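What follows is one structure encoded as structure tokens, with my remarks underneath.
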Amino acid sequence: MKLVYGVNDKPKFGQLIIFAFQQLLSIMTATLVVPVIINGTCGTTMSSAAALFGAGIGTLIYLAFTKRKSPVFLGSSFAFINSMIAAFAGGVSMSLGFLGLIIGAFFAGLVYVIIAIIVKFAGVNWLNKIMPAVVIGPTVAIIGLSLAGNAVGDLAKGGVTKAVIEPVIQKSEEGIATLAEVTNFVPVANPLIAVLCGIITLLIVILCSTYGNKTMKLIPFIIGILGGYAVCAIFTVIGHVAQLDALKLLNIEPFKALVANGISLNTFFTVPEFTFLGAFDGIKEITPAYISTIAVAYIPVAFVVFAEHIADHKNISSIIEADLLNDPGLHRTLLGDGVGSMFGAFFGGCPNTTYGESVGCVAITRNASVRTIMLAAILSILIAFVAPFIAFVNSIPPCVMGGVCMALYGFIAVSGLKMIQKVDLNQNKNLFVVSAILIAGIGGLELRFGQILITPIACALILGIIINLVLSKSKEE
């Protein structure tokens with residue numbers, strides 16, 4: 001793939017700002033939604049803006065450790081969601097739970113630091129032997145394919161929801177069935193209208209990237225999101241005028257919240273509720289048993305995410321045509337990821353990880369300038385204080401982001417498949433490795449040990465490594 005801007009290239013300042021916003025938009029929705037999931041599950045008050053701030057800090061730390069050679073953004077990790085929920089389990093106070101988030105991220109980051117030290121002295125040749133292209137290629141493809149359901153699911157959803165109370169049968173520990181009521185929030189828009197807007201968004205991205213001029217090819221996601229947003233706004237206006245809920249796609253509640261108490265300075269600028277501020281009171285409640293619970297919840301997951309770390313960096317290496325595992329080195333990418341996660345969680349509560357959306361954005365736009373990533377990180381820190389922008393992002397209908405993510409996730413999958421172009425699939429030993437990884441990953445093979453979840457991506461990679469090692473002595477021609 002021929003890059004328009006290489007890792008060390010310097011786009012003009014005006015272009016750089018636009019490119020950085022595009023990177024930010026590509027990762028922002030996923031980064032903001034992790035705290036929302038934790039809040040909905042545990043009844044906490046984690047701040048999405050603080051998570052965005054933490055992601056920016058974590059990315060800058062990552063870029064420093066990798067000597068500005070790896071153009072990828074770090075965002076809130078979904079792999080640690082169960083670990084984060086465990087920090088609030090057992091009826092602990094919210095302040096102790098916030099402290100648990102920070103301690104957990106420290107444990108996870110420490111795992112990365114220890115592995116980085118081992119890699120520093122042992123090198124990466126052993127890693128290349130157990131994870132050759134025949135293993136890592138389909139694993140990267142799985143990263144994109146495993147997200148396909150999220151993109152397609154969002155494609156049929158509008159941003160406006162209504163509360164629906166549904167009866168649910170629950171069983172007690174004694175096995176006695178009881179009838180309970182659960183409130184679910186379901187989209188009101190007609191799924192066909194939502195899909196239409198999502199497809200329009202996707203087509204705008206495709207047309208800009210394929211037929212647009214040089215500038216349009218570099219910012220197809222910004223144009224696509226704004227175009228899809230405008231189409232949703234038109235349908236929403238018609239829906240309000242005609243009183244048709246089926247056409248209401250655009251959620252204006254985030255904007256209403258800005259002026260709910262009148263217009264003031266807080267309408268435009270607000271200080272995020274940083275995790276460390278809420279964790280102060282938890283210090284006096286902490287116990288050795290609670291620390292042990294956090295360690296068990298976070299440390300094993302860090303080893304799982306390590307596998308995805310390798311796959312992401314192999315992927316971005318193939319895009320920029322430079323082996324990041326050798327230069328700046330796997331030990332540096334691990335240190336950047338681990339230490340970045342520690343600081344990210346200190347501010348936002350969420351451990352960070354390299355984002356496939358960011359890698360996909362680099363691949364499609366062919367802009368690998370690390371200055372774009374750096375400015376995106378700075379903007380994420382600044383924007384965390386800008387209430388209207390956070391409201392705008394929260395108002396983007398899922399169908400619009402679904403259309404964008406179809407392109408992003410698709411490119412991740414294709415970039416993985418490109419890694420095995422030179423692999424001889426006429427040989428059974430290669431064919432079985434690729435087949436096992438694809439089926440395990442797409443099929444959703446996962447293993448759970450208590451609160452520890454081995455994700456389908458990690459399971460597929462481990463299975464692929466085992467099969468490849470077993471067949472490595474094959475003399476098949």
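Atoms considered below: every heavy atom in the structure, side chains included; atoms not considered: hydrogens, waters and symmetry mates. Predicted model only: the values in this text are computed from it and were never measured. For reference, positions follow the sequence shown, starting with 1.
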_Check this for me: K217, atom NZ, are more than 12 non-hydrogen atoms of other residues, nucleotides or ligands nearer than 6.0 Å?_
yes
Just checking Y229 against F392, ring centres under 6.0 Å apart?
yes
Distance col, row K120:NZ vs L335:CG, nearest 0.5 angstrom, shows 10.0 Å
Exactly one of V4, I18, N213 clears side chain to side chain contact (heavy atoms under 4.5 Å, CB included) with L218, and that residue is V4
Passes side chain to side chain contact (heavy atoms under 4.5 Å, CB included), V434 versus I420? Steps please. CA-CA 9 Å; V434 175; I420 58 174; 4.2 Å; yes
Interatomic distance, CD1@I225 vs SG@C232, rounded to 0.5 Å, equals 11.5 Å
Please test N315 against S415 for side-chain hydrogen bond (donor to acceptor under 3.5 Å, both in side chains), starting from the C-alpha separation and ending with a verdict. CA-CA 7 Å; N315 189 11; S415 63; 2.8 Å; yes
### Message
Under a 3.5 Å cutoff, is there a donor and acceptor pairing between the side chains of S358 and Q23?
### Response
yes
#### Entry: Derivation and outcome, side chain to side chain contact (heavy atoms under 4.5 Å, CB included), residues F88 and I38
CA-CA 9 Å; F88 296 95; I38 302 300; 4.1 Å; yes
Scanning both residues in full, the closest heavy-atom pair of A55 with G75 reads CB-CA, 4.2 Å
Q) Do F73 and Y355 have ring centres separated by under 6.0 Å? A) no
Applying side chain to side chain donor-acceptor pair (under 3.5 Å) to T44 and not counting sequence neighbours gives N39
Hits for side chain to side chain donor-acceptor pair (under 3.5 Å) against D327, two or more places apart or cross-chain, chain-then-number order -> K69
Practice item. Examine Y112 together with H309 and report whether their ring centres are nearer than 6.0 Å. Key: yes
Between F347 and F274 (judged by ring centroids, cut-off 6.0 Å), do the two rings come close enough to count as a pair? yes
So for atom CZ, which belongs to F343, do other residues, nucleotides or ligands contribute more than 12 heavy atoms lying within a distance under 6.0 Å? no
### Task
Run the numbers on F276 and F346 for ring pair (Phe, Tyr, Trp, His ring centres under 6.0 Å), then give the verdict.
CA-CA 6 Å; F276 73 89; F346 181 78; 4.7 Å; yes
Worksheet item: Taking C-beta and beyond as the side chain, do M46 and F98 meet within less than 4.5 Å on heavy atoms?
Response: yes
### Query
Would you find a donor on one side and an acceptor on the other, under 3.5 Å apart, between the side chain of T353 and the backbone of S77?
no
Separation between CD1 (I465) and CD1 (I130), nearest 0.5 Å, reads 4.5 Å
Output for pair (L250 CG, S395 OG), nearest 0.5 Å, gives 5.5 Å
Here the gap from I223 atom CD1 to Q22 atom CD, rounded to the nearest 0.5 Å, amounts to 8.0 Å
_Can you confirm whether E273 is buried at CD, in the sense that more than 12 heavy atoms of other residues, nucleotides or ligands lie under 6.0 Å from that atom?_
no
Please check if the side chain of S341 supplies one atom and the backbone of G109 the other of a donor-acceptor pair under 3.5 Å. no
Check: Would you find more than 12 non-hydrogen atoms of other residues, nucleotides or ligands less than 6.0 Å from F106 atom CZ?
Finding: no
Non-hydrogen side-chain atoms of Y62 and I57 separated by less than 4.5 Å:
no
Is there a side-chain contact between N394 and N251 (heavy atoms, below 4.5 Å)?
no
One pair to check against side-chain hydrogen bond (donor to acceptor under 3.5 Å, both in side chains): S95 and D281. What are the steps and the verdict? CA-CA 6 Å; S95 57; D281 291 337; 5.4 Å; no
Heavy-atom check, side chain of I103 versus side chain of F107, under 4.5 Å
yes
Rounding to 0.5 Å, atoms NZ (K2) and CZ (R366) come to a distance of 8.5 Å
Y409 meets the side chain to side chain donor-acceptor pair (under 3.5 Å) criterion, sequence neighbours left out, with E357
### Message
With side chain to side chain contact (heavy atoms under 4.5 Å, CB included) as the criterion, how do L408 and C361 come out once you've worked through the C-alpha distance, each side chain's angles and the decisive distance to 0.1 Å?
### Response
CA-CA 6 Å; L408 282 173; C361 188; 4.2 Å; yes
Quiz prompt | Verdict with reasoning, M419 to V134, per side chain to side chain contact (heavy atoms under 4.5 Å, CB included) | solution = CA-CA 8 Å; M419 292 183 188; V134 70; over 6 Å; no
Correct closest heavy-atom pair for C208 and M216 would be SG-CE, 3.6 Å
